[in-house]
Engineer: 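The following block contains the structure, expressed as structure tokens.
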Amino acid sequence: KKDAVKEIITDLPVKKEASITDQLAKENISTAQTAQQAAFVDVPGLSAGDHRKGEASAPVKIIVYSDFECEFCAALNAALDRVRQDYGDQVAVAFRHYPLSSHAQAYPAALAAECAAGQGKFWEMHDRLNAANASGTLGVTGFDVFAGELGLDQSEFNDCLAFEEPLARIQAQSREA
């Protein structure tokens, strides 16, 4: 059953015609069993390469796999900002990419964030991308504008958008999620 759950969860984006509950029922697996298994999935801990707010030594570490085009992810970001305000150095929040294929701007936005990170401005770009998504203006044409507003080297930013390394990082984090 454990392998069947993994296969169903792994194939979710492909099996759009049936709900996850229907797929699990076919394999005679209860959603309670699935939730229990999901609770024990190993997620890599904080690493030096993570985009992080807070210290790695904080007693509470939250690793978020997120998408810049997801309205629910934006709501989570606001909640996590409040948690950081309320608990300060007791909490570290790390961002990892999980761009959904159903969101046309998700991968390009993740790439823009990674290229801004290369110049030390990940969180600033993160906030701009989330604001653009909230206002319904998230799109590739805005990324250059944001880079300029953040004082990034435009040439370096644009060159980065064509590099394999940032894309490989995004894809690796997506597979982790």
Side-chain angles (χ1 to χ4, degrees), residues 13 38-39 41-177:
V41 171
D42 288 329
V43 173
L46 293 182
S47 70
D50 281 326
H51 305 298
R52 186 181 69 239
K53 289 182 179 179
E55 297 299 320
S57 61
V60 176
K61 298 164 186 73
I62 301 170
I63 299 172
V64 178
Y65 289 86
S66 192
D67 174 333
F68 289 109
E69 196 173 349
C70 170
E71 65 184 277
F72 302 107
C73 298
L76 176 63
N77 288 328
L80 291 173
D81 285 344
R82 285 192 303 276
V83 168
R84 290 259 316 125
Q85 286 174 351
D86 292 348
Y87 295 97
D89 292 339
Q90 298 299 305
V91 177
V93 176
F95 180 97
R96 294 183 184 161
H97 297 283
Y98 187 54
L100 300 176
S101 60
S102 60
H103 293 156
Q105 299 303 316
Y107 265 99
L111 189 56
E114 282 303 309
C115 291
Q119 296 185 49
K121 299 280 186 168
F122 172 82
W123 289 106
E124 292 86 347
M125 182 64 84
H126 169 278
D127 294 345
R128 296 281 169 98
L129 294 168
N130 281 319
N133 186 44
S135 68
T137 60
L138 183 67
V140 174
T141 56
F143 302 160
D144 279 339
V145 174
F146 300 154
E149 291 171 353
L150 295 174
L152 301 181
D153 178 307
Q154 287 288 157
S155 179
E156 185 178 329
F157 179 80
N158 290 331
D159 287 348
C160 174
L161 295 173
F163 289 156
E164 295 283 327
E165 185 180 333
L167 186 58
R169 176 186 171 92
I170 294 162
Q171 291 170 335
Q173 289 178 353
S174 215
R175 283 189 302 272
E176 257 178 37

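The figures that follow rest on heavy atoms only: side chains count, while hydrogens, waters and symmetry mates do not.
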Engineer: Got a sec, which residues hit side chain to side chain donor-acceptor pair (under 3.5 Å) with R84, two or more places apart in sequence or on another chain?
Structural biologist: none

Engineer: Considering only residues two or more places apart or on different chains, which pairs with a residue in residues 47-83 satisfy disulfide bond (SG atoms under 2.5 Å apart)?
Structural biologist: none

Engineer: What pairs of residues pass the side chain to side chain donor-acceptor pair (under 3.5 Å) test when at least one of them lies in residues 113-128, not counting sequence neighbours?
Structural biologist: H51-E114, H97-E114, E114-R169, H126-N130, R128-E149

Engineer: Who passes salt bridge (charged side-chain N to carboxylate O under 4.0 Å, His left out) against D153, sequence neighbours left out?
Structural biologist: none

Engineer: Side-chain donor-acceptor contacts of residues 154-165 below 3.5 Å, not counting sequence neighbours, with atom names and distances?
Structural biologist:
{"residue": "Q154", "atom": "OE1", "partner": "G148", "partner atom": "N", "Å": "2.9"}
{"residue": "N158", "atom": "ND2", "partner": "Q154", "partner atom": "O", "Å": "3.2"}

Engineer: What's the shortest heavy-atom distance between M125 and A112, and which atoms?
Structural biologist: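 The pair with the smallest heavy-atom distance is CG-O, 4.0 Å.
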
Engineer: Apply side-chain contact (heavy atoms from CB on, under 4.5 Å) to A172 and list each qualifying residue two or more places apart in sequence or on a separate chain.
Structural biologist: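 Per chain and number, A172 pairs via side-chain contact (heavy atoms from CB on, under 4.5 Å) with R175.
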
Engineer: Does anything in residues 54-65 pair up under salt bridge (charged side-chain N to carboxylate O under 4.0 Å, His left out), and if so which pairs, sequence neighbours excluded?
Structural biologist: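 Every pair satisfying salt bridge (charged side-chain N to carboxylate O under 4.0 Å, His left out) with a residue in residues 54-65: there are none.
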
Engineer: Using the test side chain to side chain donor-acceptor pair (under 3.5 Å), find all partners of T137 that sit at least two apart in sequence or belong to another chain.
Structural biologist: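 Result, side chain to side chain donor-acceptor pair (under 3.5 Å) vs T137: S135.
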
Engineer: So, using side chain to side chain donor-acceptor pair (under 3.5 Å) as the criterion, who are the partners of Y87 when residues are at least two apart?
Structural biologist: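 Counting only residues at least two positions away or on another chain, Y87 forms no side chain to side chain donor-acceptor pair (under 3.5 Å).
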
Engineer: Return each pair, listed once, that meets salt bridge (charged side-chain N to carboxylate O under 4.0 Å, His left out) where at least one residue sits in residues 86-107; pairs must be two or more places apart or across chains.
Structural biologist: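 Matches after skipping sequence neighbours: D50-R96, R96-E176.
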
Engineer: Quick one: side chain to side chain donor-acceptor pair (under 3.5 Å) partners of S57, sequence neighbours excluded?
Structural biologist: none

Engineer: Just jot down the ring pair (Phe, Tyr, Trp, His ring centres under 6.0 Å) partners of H103, sequence neighbours excluded, or say none.
Structural biologist: none

Engineer: Does any N or O in the side chain of Q173 come within less than 3.5 Å of the main-chain N or O of Y65, such that one atom is a donor and the other an acceptor?
Structural biologist: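 Checking the backbone N and O of Y65 against the side chain of Q173, no donor-acceptor pair under 3.5 Å is found.
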
